[in-house]
Participant: 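Quick one: the structure is below, questions incoming.
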There are 4 protein chains.
Amino acid sequence: MLKPASSTGKRELILNAAAKVFSRHGFHRARMEDVAAEAGVGKGTIYEYFESKDSLFKELVREGLNFYSRAKLAETGKDSLGEKLRRLFLVHLKFSIDYRDLSKVALSDYATGSEDIRRWVSSMRQEKVARLKEMLDQAKERGETGRDLDTGVAAVLIWGALGSLWYQVTWEEPPPDIDGMVDQSVQMVMRGLENG
Amino acid sequence: MLKPASSTGKRELILNAAAKVFSRHGFHRARMEDVAAEAGVGKGTIYEYFESKDSLFKELVREGLNFYSRAKLAETGKDSLGEKLRRLFLVHLKFSIDYRDLSKVALSDYATGSEDIRRWVSSMRQEKVARLKEMLDQAKERGETGRDLDTGVAAVLIWGALGSLWYQVTWEEPPPDIDGMVDQSVQMVMRGLENG
Amino acid sequence: MLKPASSTGKRELILNAAAKVFSRHGFHRARMEDVAAEAGVGKGTIYEYFESKDSLFKELVREGLNFYSRAKLAETGKDSLGEKLRRLFLVHLKFSIDYRDLSKVALSDYATGSEDIRRWVSSMRQEKVARLKEMLDQAKERGETGRDLDTGVAAVLIWGALGSLWYQVTWEEPPPDIDGMVDQSVQMVMRGLENG
Amino acid sequence: MLKPASSTGKRELILNAAAKVFSRHGFHRARMEDVAAEAGVGKGTIYEYFESKDSLFKELVREGLNFYSRAKLAETGKDSLGEKLRRLFLVHLKFSIDYRDLSKVALSDYATGSEDIRRWVSSMRQEKVARLKEMLDQAKERGETGRDLDTGVAAVLIWGALGSLWYQVTWEEPPPDIDGMVDQSVQMVMRGLENG
DNA sequence: GATGAATGAGCTTTCATTCAT
DNA sequence: TATGAATGAAAGCTCATTCAT
């Protein structure tokens with residue numbers, strides 16, 4: 001599912017199964033045996049492809065983020081901030097719908113595994129927010145936002161807003177009209193960023 | 001600490017200890033033994049006051065939310081939306097700083113615990129968002145927001161923004177100038193809610 | 001059995017069980033579950049008293065050696081070398097008969113557990129041989145041995161001879177006339193140490 | 001290496017690899033995969049030549065002992081007991097140095113392996129000791145030893161002394177002057193065997 | 001009530017062995 | 001013949017929960 005199922009790669013098979021199981025039960029309740037069963041392989045086989053449970057989780061998230069990043073590459077520097085945000089939101093949410101299971105695992109801030117994983121996930125968040133801040137900084141220089149916008153705070157707020165939408169879409173309501181929702185959301189956000 | 005230490009209640013003792021331990025290690029890695037040690041009571045004693053680990057967790061979150069709600073009661077219906085949001089943000093974040101441990105557990109740590117806890121935490125979120133929506137609906141009727149604001153989406157966005165600030169304050173940066181940050185944030189949010 | 005069963009010490013209970021099981025199957029084949037069963041306690045109980053399987057093994061050997069050492073304390077500095085050796089041999093073998101299981105585990109050079117244990121057992125052997133060499137050195141000074149005896153080599157040889165007797169007694173033949181055997185052995189050894 | 005590399009036999013290849021790996025980690029910690037890697041063959045190939053891990057171990061030891069025995073054949077019946085022992089010791093220790101890995105496995109590592117292996121190794125020891133006793137008996141008849149030497153006990157003692165030297169040479173000290181050490185040792189032993 | 005020693009289900013991980021290629 | 005991907009039994013260890021004191 002991650003790759004178009006060209007080769008019967010066991011690795012992909014296991015990653016997909018892991019996405020399902022991890023998203024269903026959370027990291028700790030997920031049993032390696034269930035992942036194996038879901039993938040239709042033996043328990044030992046997982047360990048041929050992944051070092052440990054921790055490692056499997058990390059790989060899964062990394063894979064998800066890579067895939068997600070690839071999708072975002074379309075974004076060009078020339079677009080207006082509004083357009084960029086619209087695309088960011090849209091890609092994020094579309095991805096969450098298409099890869100529901102993976103998304104639950106990979107994009108969740110809540111995922112708490114070992115201390116190690118925890119730190120790793122946290123650093124990921126910080127990086128994302130930092131990147132968003134950069135985007136805002138550039139827009140601010142081009143006069144697309146208010147002169148005295150605190151881009152640091154704004155980045156945090158926007159990231160949270162996006163995360164919240166994502167949560168709604170992924171965990172609660174069955175996805176409604178995404179595009180409309182995104183349009184409205186970005187409009188609000190943009191108004192919030194502009195000068196009074 | 002949760003209650004003004006009127007009765008030397010073992011219950012409070014345990015809840016405080018649980019807040020510390022759960023926040024340190026997350027739900028699954030936290031051991032009942034550590035909670036007992038932290039509280040200075042025997043392992044068995046915990047079970048005199050709480051049915052199970054799951055139950056202890058729930059009680060802890062419930063207690064936290066109650067306390068948090070109580071603090072919010074000050075909010076009067078007559079305030080402007082901006083003022084209400086400012087207070088919401090402020091109370092939320094102040095609470096997170098004053099009760100750091102409890103906050104880490106009660107307001108985050110989703111997706112952990114048993115299936116049961118999971119659903120329960122999720123329903124809590126929905127309720128909070130619903131209440132926020134109500135607040136927006138009332139403001140909308142009084143013309144404090146744009147005419148065609150989708151209060152449902154707005155509530156989700158705002159909740160996420162607040163959550164993101166909270167995360168920053170609680171987990172990452174050592175709390176800076178909270179009031180200033182809240183003012184800025186609410187300003188942005190309010191602009192976002194007003195008509196173009 | 002190690003202590004006269006005065007208190008129903010679980011620790012002793014487990015050590016005795018471990019001696020039995022380890023001696024029966026060797027370190028690796030021995031399962032903690034079997035030790036537990038043999039001791040008539042739950043699997044978890046072992047871990048209340050010992051850190052790990054490795055640790056249990058080490059404690060067992062240490063306990064054995066302590067007990068064995070205590071028995072040897074009788075040895076006085078004034079005795080002749082022959083007398084000392086006779087006592088060394090006798091104590092060693094008597095101990096092996098009385099505490100057959102423990103002896104198999106504790107006095108065996110063969111026990112190979114983890115790399116860690118291996119080194120530890122090896123160092124134990126070296127220490128024993130060193131102590132034997134000291135004894136020979138003193139005797140040499142008092143003229144009880146040949147003038148040009150290489151006490152280092154002699155110590156190794158004697159240690160091996162004793163070990164071999166021990167093996168015979170412990171693992172193979174049902175113990176015959178120990179005292180006679182020891183007398184003969186020490187006589188041979190003493191002759192070997194004297195001048196030509 | 002075991003055979004003069006006449007045929008490029010996979011079998012020898014594997015045995016040599018097994019000697020290395022078994023001696024490095026001991027029987028249980030040694031993994032068949034490592035043996036395969038060391039031998040430069042596939043894991044499955046080992047099973048073309050050996051029934052099981054147990055079997056591989058046995059073959060290895062048997063091979064070692066055969067080779068060792070072959071080397072000893074030089075021993076003629078006419079030699080004096082002292083000469084015979086000197087040769088026994090020398091061959092034993094030289095072998096241990098030349099085939100360090102094999103030696104570590106074949107002559108030690110008792111008590112490891114399955115119950116089966118254990119008994120087998122033990123019986124090997126008994127046979128060796130018995131043969132040594134025969135040698136002593138013959139010497140006794142020829143008057144080379146004391147009249148009332150208990151050859152049974154003596155054999156055990158000598159075997160242990162030799163084993164101890166071997167241990168020293170193989171596991172602990174980097175081999176020093178072997179010949180000198182052997183001369184000294186045999187001298188001591190011989191004195192021990194002679195009449196008072 | 002309060003305790004903590006005792007428990008065993010449950011989990012991750014290893015590795016000898018098999019078998020389709 | 002040779003291979004190594006796949007397997008699953010087996011084992012060490014954890015920890016929520018119980019219950020005799």
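Basis for what follows: all heavy atoms, side chains included, without hydrogens, waters or symmetry-related copies. Lettering follows sequence order; numbering is per chain, from 1.
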Participant: Please, what dot-bracket string fits DNA chain F when only Watson-Crick and G-U pairs with both distances under 3.5 Å count, crossing ones use [ ] and pairs to another strand use |?
Facilitator: .||||||||||||||||||||
Participant: Does A:Lys58 come within less than 4.0 Å of A:Glu63, counting only side-chain N to carboxylate O?
Facilitator: no
Participant: Go through DNA chain E in 5' to 3' direction and return only the first and the last nucleotide with some atom under 4.0 Å of chain B's heavy atoms.
Facilitator: E:dG1 to E:dA6
Participant: Indicate yes or no for a side-chain donor-acceptor contact from D:Thr45 to the backbone of D:Val41 under 3.5 Å, with no hydrogens or angles considered.
Facilitator: no
Participant: With heavy-atom distances below 4.5 Å as the criterion, would you say the side chains of D:Val21 and D:Asp101 are in contact?
Facilitator: no
Participant: Below 4.0 angstrom, N of the basic side chain to O of the carboxylate: do C:Lys10 and C:Glu48 qualify?
Facilitator: no
Participant: Counting distance only, does the side-chain N/O of B:Thr170 pair as donor-acceptor with the main-chain N or O of B:Tyr167 below 3.5 Å?
Facilitator: no
Participant: In terms of relative ring orientation, are A:Phe22 and A:Phe57 parallel, tilted or perpendicular, with 30° and 60° separating the classes?
Facilitator: perpendicular
Participant: What distance separates B:Met32 CE from B:Leu56 CG, expressed to the nearest 0.5 Å?
Facilitator: 5.5 Å
Participant: Using a cut-off of under 3.5 Å, enumerate the N/O to N/O pairs linking the protein to nucleotides 9-11 of chain F.
Facilitator:
from   : atom 1 : to      : atom 2 : distance (Å)
F:dA10 : N6     : A:Lys43 : NZ     : 3.4
F:dA11 : OP2    : C:Arg31 : NE     : 2.6

Participant: Check this for me, if you would: do B:Asp34 and B:Arg31 make a salt bridge, where the nitrogen-to-carboxylate-oxygen distance has to be below 4.0 angstrom?
Facilitator: yes
Participant: Can you tell me the distance, in whole Å, between the OH atom of C:Tyr49 and the P atom of F:dC13?
Facilitator: 18 Å
Participant: Is A:Arg11 close to A:Glu59 at the side-chain level, that is, under 4.5 Å between some pair of heavy atoms?
Facilitator: yes
Participant: When the distance from CD of C:Glu48 to P of F:dC13 is rounded to whole Å, what number comes out?
Facilitator: 14 Å
Participant: Specify the residue among C:Ser52 and D:Thr45 whose closest nucleotide of DNA chain F lies further upstream toward the 5′ end.
Facilitator: D:Thr45
Participant: Do A:Met124 and A:Val61 make a side-chain contact, defined as non-hydrogen atoms from C-beta onward lying under 4.5 Å apart?
Facilitator: yes
Participant: Select from B:Glu33 and A:Gly40 the residue whose nearest nucleotide in DNA chain F is closer to the 5' end of that strand.
Facilitator: A:Gly40
